[in-house]
Amino acid sequence: MRRMTARPANAHQARLLRLLRDGGPNSRAQLGDQVDLSRSKLAVEIDRLLETGLVVADGLAASRGGRRSHNIRLAPNLRFLGVDIGATSVDVAVTNAELEVLGHLNQPMDVREGPVAVFEQVLAMAAKLKVSGLAEGFDGAGIGVPGPVRYPEGVPVAPPIMPGWDGFPVREALSQELGCPVMVDNDVNLMAMGEQHAGVARSVGDFLCVKIGTGIGCGIVVGGEVYRGTTGSAGDIGHIQVEADGRACACGNKGCLEAHFSGAALARDAEEAARTGQSPELTARLEAAGRLTAADVATAAAAGDSTALDLIREGGNRVGQVIAGLVSFFNPGLVVIGGGVTGLGHTLLASVRTQVYRKSLPLATGNLPIVLGELGPTAGVIGAARLISDHLFSPA
């Protein structure tokens with residue numbers, strides 16, 4: 001069922017909607033301080049938005065010396081669906097129009113099963129959230145996938161770790177199933193948007209957001225906007241070569257960063273160390289579970305296992321070398337490290353920082369924070385909701 005039919009009629013209305021999304025309920029007078037409109041023009045635009053039902057009056061604002069004005073807020077019944085598809089799990093959440101998460105589900109999933117199987121699971125999770133009473137329907141949905149996306153068409157393009165997804169019409173197919181507008185982007189871009197909206201990057205206009213999960217990618221935010229590149233593949237740093245004749249990568253090349261350090265590479269290296277007797281801790285975990293993950297390495301490192309710590313430091317050094325090059329080129333105000341492998345914590349962060357501060361010029365790193373993301377698995381779903389709200393809060 002399609003719910004939200006109104007769209008802002010012009011750029012002024014779009015700006016007002018985004019201010020209310022990002023700042024919450026506000027008075028007419030305070031909104032007027034933030035937009036370049038006369039009082040009479042502002043009143044006309046707000047009245048038109050009230051008529052559409054996109055915003056509602058929300059009580060009287062605090063007095064600023066004259067007659068008290070009404071607070072305005074986004075319609076409280078608006079609902080967005082945020083979907084963050086990873087390589088091995090999927091997060092699905094419902095938010096209100098101010099992108100507050102009302103309900104959030106996470107389930108294991110293998111993206112290699114293909115789009116039909118994955119979206120059956122996504123739709124079942126969305127239905128479960130609806131049945132719980134959080135939403136009667138969805139006004140829009142944002143979808144993140146772990147590979148390059150032709151934007152804004154919403155079509156994955158030759159994703160190395162997503163067999164069967166190349167050219168699949170994600171946006172079109174899910175829009176039909178959900179009965180609402182859908183936007184699709186790379187999962188790392190959505191993580192960056194989530195941290196920008198509600199996390200560690202709230203006040204930063206230019207930053208890099210590096211996601212280290214099964215693979216590695218980088219969201220690039222310039223002037224407050226995600227930079228996607230000409231074809232949607234900007235930030236695909238996992239396929240920067242770090243060793244001239246290194247390991248084979250899923251993309252077909254050799255020596256890519258992702259082949260040498262990522263969640264999958266770390267698990268493989270940990271299993272090798274366990275089988276060759278380098279780490280009794282990892283050997284015991286492998287014998288108990290039959291396989292190892294990055295989380296096992298993190299646990300072993302926390303227990304003081306020297307082999308696990310060495311694996312994390314070596315990986316952090318490789319990531320840091322690549323980020324150092326990005327910092328010298330882009331000169332960001334912040335670098336955020338997120339994704340599943342951030343469970344490795346400050347050992348990883350220290351190695352990354354050491355390489356960046358040592359290898360980038362002091363002018364670029366003098367006031368450069370390199371930090372872990374704040375939002376964890378909610379970053380992607382908040383970013384997905386932000387993506388679709390950016391679309392719906394733009395003039396039709």
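Nothing here was measured: the structure is a model prediction, and the numbers come from that model.
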Inset, instruction - With sequence neighbours excluded, tell me which residues meet side chain to side chain donor-acceptor pair (under 3.5 Å) with E98. - result: none
Inset, instruction - Output yes when a side-chain donor or acceptor of R353 lies under 3.5 Å from a complementary backbone atom of I370, and no otherwise. - result: yes
Legend entry - Exceeds 12 heavy-atom contacts within 6.0 angstrom, atom CG of N367: no
Inset, instruction - Classify the ring geometry between F119 and F168 as parallel (under 30°), tilted (30 to 60°) or perpendicular (over 60°). - result: parallel
Legend entry - Heavy-atom side-chain contact between V242 and Q321 under 4.5 Å: no
Inset, instruction - Could you check if a side-chain atom of V327 sits within less than 4.5 angstrom of a side-chain atom of T365, using non-hydrogen atoms only? - result: yes
Legend entry - Short N-O contact, D390 and R21, less than 4.0 angstrom: yes
Legend entry - Ion pair check, D139 and R79, cut-off under 4.0 Å: no
Legend entry - N-O pairing of K41 and E45 below 4.0 Å: yes
Inset, instruction - Report the residues that fulfil side chain to side chain donor-acceptor pair (under 3.5 Å) with K254, sequence neighbours left out, ordered by chain and then residue number. - result: none
Inset, instruction - Without swapping roles, check the side chain of Q13 against the backbone of A9 for a donor-acceptor pair under 3.5 Å. - result: yes
Inset, instruction - Give a yes or no on whether R247 atom CZ has more than 12 heavy-atom contacts from other residues, nucleotides or ligands under 6.0 Å away. - result: yes
Inset, instruction - Keeping the roles fixed (side chain from E271, backbone from L292), state whether a donor-acceptor pair exists under 3.5 Å. - result: yes
Legend entry - In one Ile/Leu/Val/Met/Phe/Trp/Tyr side-chain cluster, 4.5 Å: L190, V204: yes
Legend entry - Identified side-chain hydrogen bond (donor to acceptor under 3.5 Å, both in side chains) counterpart of H104 within the set T378, T95, D91: D91
Legend entry - Any donor-acceptor pair under 3.5 Å from D206 side chain to G333 backbone: no
Inset, instruction - Keeping the roles fixed (side chain from Y151, backbone from M183), state whether a donor-acceptor pair exists under 3.5 Å. - result: no
Inset, instruction - Compare all side-chain heavy atoms of V94 with those of F80 and state whether any distance is below 4.5 angstrom. - result: no
Legend entry - Any donor-acceptor pair under 3.5 Å from W165 side chain to V111 backbone: yes
Legend entry - Donor-acceptor contact present, side-chain D58 to main-chain I72, <3.5 Å: no
Legend entry - Minimum side-chain heavy-atom gap I337-V371 below 4.5 Å: no
Legend entry - Cationic N near anionic O, under 4.0 Å, D22 to R18: no
Legend entry - Residues, nucleotides or ligands: over 12 heavy atoms within 6.0 Å of K128 NZ: no
Inset, instruction - Taking D185 for its side chain and N189 for its backbone only, find out whether a donor-acceptor pair lies under 3.5 Å. - result: no
Legend entry - Side chain D305, main chain A300, donor-acceptor under 3.5 Å: no
Legend entry - Heavy atoms of other groups near D47 CG, more than 12 under 6.0 Å: yes
Inset, instruction - Would you indicate whether the side-chain heavy atoms of E272 and T276 approach each other to under 4.5 Å? - result: yes
Inset, instruction - Just jot down the salt bridge (Lys or Arg N to Asp or Glu O under 4.0 Å) partners of R313, sequence neighbours excluded, or say none. - result: D310
Inset, instruction - Check whether any side-chain N or O of E195 sits under 3.5 Å from a backbone N or O of E374 as a donor-acceptor pair, and report yes or no. - result: yes
Legend entry - 4.5 Å side-chain heavy-atom contact, H12 and R48: no
